[in-house]
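Right, one structure below, let's go through it.
Just so you know, ligand 1 is whichever comes first in the structure, and atom 1 is the first atom listed for that ligand. In this text, all values refer to a predicted model and were calculated from it rather than measured experimentally.
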Amino acid sequence: MIPTQLIDILREASHVAVLTGAGVSAESGIPTFRDALTGLWANYRPEELATEAGFRRDPELVWNWYRMRRQAIAATEPNAGHLALARLGGLVTTTLITQNVDGLHARAGSPDPIELHGNITRVKCADCGIPVDPAPDQERVPRCSGCGGLIRPDVVWFGELLPAGALERARAAALDCDLFLSVGTSNLVEPAASLPWMAGRRGTPVIVINTSDEGQRTGPSIRHLIGPSATLLPALIGAAWPAARGGLPG
Ligand code: BJW
Ligand code: ZN
């Protein structure tokens, strides 16, 4: 059951900012970032795989980790949570900010998600930055036809800057919105993690939707909805706009 107060906050909002993380794609079968390092990858740490230094140390290992994930993403579909957020955009002004690199929000129909950490389907030269399209699906790391550099995924690794303008747009939305939804993220990785609290500090209501509230902030503006986003998002949005329920999944 969604508390009535949260339904009312959503219905009365005029600008909703949404930050999503890996949890929103979990029900599409994509392991969350911190769960992804199981199985074949259990012996590695994120800092070994998701950094420039890790890539330079063992380009083939990192290239193939991303290749495997790219294949898994191509074989899956957006879930009811992605679809509900796309529907939300048609009901109220929505700024959708995602840390996910899987492109599932755009595939669900969200027109212009701010992809803070890039997109796994794109690749670029690690030396000259030139994009290579499409991403070659090969085990050996491809080389840049211009400079001979190694080709890497066009994602943001630890220690790297976010894409130009993306953080500024996200921060502007956090300051302008009258409701912030933080969905399926551990809120550990900066600068994305600070976005909900930027809004919350101003007294803007923040609804945190997550299967667990462990490690999440608490405060007077922050409410927690505990459960899977593919269930809670359609339920929350459908409760705020009953007439839209027909167009909502689930
Ligand atoms: C469900 C669910 C269901 C499960 N329903 N929920 C300030 C303080 C300290 C450190 C820093 C700082 N500022 C910057 C840093 C350094 C660093 C950082 O934050 N480190 C932290 C570890 C502390 N940040 C950076 O380096 C950033 N760059 C930067 O700041 O540049 C400026 C600068 C440069 C140089 C020097 C100084 C400053 C860049 C960060 C890039 C992050 N990149 C990654 C990899 C992307 C490519 C890839 O995917 O491989 O992005 S790391 C990884 O974490 C990935 C994710 O997008 C990101 C966030 O993870 P997310 O989405 O939250 O996933 P999980 O797995 O952590 O959580 C899943 C959640 O879902 C859980 O809570 C579950 O409970 C929940 N869940 N099922 C709902 N069904
Ligand atoms: Zn190059």
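Remark: minimum distance from atom 76 (C) of ligand 1 to any protein heavy atom is reached at N210 OD1, 3.2 Å. For atom 64 (O) of ligand 1, the closest non-hydrogen atom on the protein side is A22 CB, 3.5 Å. When hydrogens are left out, the protein atom nearest atom 52 (S) of ligand 1 is F158 CZ, 3.4 Å; that is the closest non-hydrogen contact. Among protein heavy atoms, atom 51 (O) of ligand 1 sits closest to H117 ND1, 3.0 Å. For atom 34 (C) of ligand 1, the closest non-hydrogen atom of the protein is G159 O, 3.3 Å. Scanning all protein heavy atoms for the shortest distance to atom 4 (C) of ligand 1 gives T211 OG1, 3.6 Å. In this structure, the protein non-hydrogen atom closest to atom 63 (O) of ligand 1 is T185 OG1, 2.7 Å. Looking only at protein heavy atoms, the nearest one to atom 3 (C) of ligand 1 is G23 O, 3.3 Å.
Here the CD1 atom belonging to I209 is positioned 11.5 Å from the CG atom belonging to L19, to the nearest 0.5 angstrom. Here the CD1-CD distance, from I207 to Q5, works out to 9.0 Å after rounding to the nearest 0.5 Å. Interatomic distance, R69 CZ to L49 CG, rounded to the nearest 0.5 Å: 9.0 Å. Rounding to the nearest 0.5 angstrom, the gap separating the CG atom in L104 from the CG atom in L83 is 10.0 Å.
Take A172 and apply the side-chain contact (heavy atoms from CB on, under 4.5 Å) test, not counting sequence neighbours, and it matches no residue.
Contact atoms of ligand 1 toward A26: 78 (N) (distance under 4.0 Å to a heavy atom of the residue). Against a heavy-atom cut-off of under 4.0 Å, G21 is close to the following atoms of ligand 1: 62 (O). In the vicinity of R34, heavy-atom distances shorter than 4.0 Å reach the ligand 1 atoms 54 (O), 60 (O), 64 (O), 65 (P), 66 (O), 67 (O). In summary, the atoms of ligand 1 found under 4.0 Å from a heavy atom of V101, numbered by their order in the structure, are 49 (O). Each of the atoms 27 (C), 28 (N), 29 (C), 31 (O), 39 (C) of ligand 1 lies under 4.0 Å from some heavy atom of E160. Less than 4.0 angstrom separates some heavy atom of L188 from each of these atoms of ligand 1: 21 (C), 23 (C). For ligand 1, the atoms sitting less than 4.0 Å from at least one non-hydrogen atom of L161 are 32 (C), numbered in the order shown with element in parentheses. Per-residue contacts place G184 under 4.0 angstrom from the following atoms of ligand 1 (heavy atoms of the residue considered): 6 (N), 69 (C), 70 (C), 71 (O), 79 (C).
Looking only at side-chain heavy atoms (C-beta outward), Y66 and V123 stay at 4.5 Å or farther from each other. Between L162 and P191 there is a side-chain heavy-atom pair separated by less than 4.5 Å. Proximity of H105 to V18: side-chain heavy atoms (C-beta onward) are nowhere separated by under 4.5 Å. Residues L233 and V24 meet the side-chain proximity criterion, which asks for heavy atoms closer than 4.5 Å. By the 4.5 Å heavy-atom criterion applied to side chains, D127 and C144 are not counted as neighbours.
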Going through the distances and angles, do R223 and V208 end up as a side chain to side chain contact (heavy atoms under 4.5 Å, CB included)?
-> CA-CA 6 Å; R223 307 291 146 79; V208 176; over 6 Å; no

Does the side chain to side chain contact (heavy atoms under 4.5 Å, CB included) test come out yes or no for N187 and R217, once each step is laid out?
-> CA-CA 9 Å; N187 274 314; R217 287 200 199 182; over 6 Å; no

CA sep, side-chain torsions, deciding dist, call: D213, H224, side chain to side chain donor-acceptor pair (under 3.5 Å) = CA-CA 7 Å; D213 58 2; H224 294 266; 5.1 Å; no

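Across the listed options V189, T231, T98, L167, V189 owns the non-hydrogen atom lying nearest to atom 40 (C) of ligand 1.
Ligand 1 has an N or O atom lying under 3.5 Å from an N or O atom of Q99, backbone or side chain. In terms of N/O distances under 3.5 Å, ligand 1 is approached by F33. Considering backbone and side-chain N/O atoms, P228 never comes within less than 3.5 Å of an N/O atom of ligand 1. Polar contact with ligand 1: absent for Q216 (N/O pair, distance under 3.5 Å). Taking any N or O of E190, backbone or side chain, at least one lies under 3.5 Å from an N or O belonging to ligand 1. Checking only distances, D35 never comes within under 3.5 Å of ligand 1, N or O to N or O. Polar contact with ligand 1: present for V156 (N/O pair, distance under 3.5 Å).
Of the protein's heavy atoms, at least one falls inside 4.0 Å of atom 74 (C) of ligand 1. Protein non-hydrogen atoms do reach within 4.0 Å of atom 23 (C) of ligand 1. Of the protein's heavy atoms, at least one falls inside 4.0 Å of atom 59 (C) of ligand 1. Within a 4.0 Å radius of atom 38 (C) of ligand 1, the protein has no heavy atom.
E139 and N64 share no side-chain donor-acceptor pair at under 3.5 Å. H82 and S25 share a donor-acceptor pair across their side chains, judged by distance under 3.5 Å alone.
Residue contacts with ligand 1 for Y66 involve side-chain atoms from C-beta outward but no N, CA, C or O (heavy atoms, distance under 4.0 Å).
Here R67 pairs with D137 in a salt bridge; the nearest charged N to carboxylate O distance falls below 4.0 Å. Classification of R70 and D154 as a salt-bridged pair fails, no side-chain N sitting under 4.0 Å from a carboxylate O. E48 and R57 are not joined by a salt bridge, as no carboxylate oxygen comes within less than 4.0 angstrom of a charged side-chain nitrogen.
The aromatic rings of F55 and W157 sit tilted, their planes meeting at an angle between 30° and 60°.
L232 and V92 fall within a single hydrophobic cluster, where Ile, Leu, Val, Met, Phe, Trp and Tyr side chains are chained together by heavy-atom contacts under 4.5 Å. Hydrophobic cluster membership differs between V189 and L167, with clusters built from Ile, Leu, Val, Met, Phe, Trp and Tyr side chains linked at under 4.5 angstrom.
For the ligand labelled ligand 1, residue R69 lies inside the 4.0 Å heavy-atom shell.
Within the protein, the N, O or S atoms sitting under 2.8 Å from the Zn ion (ligand 2) are C125 SG, C128 SG, C144 SG, C147 SG.
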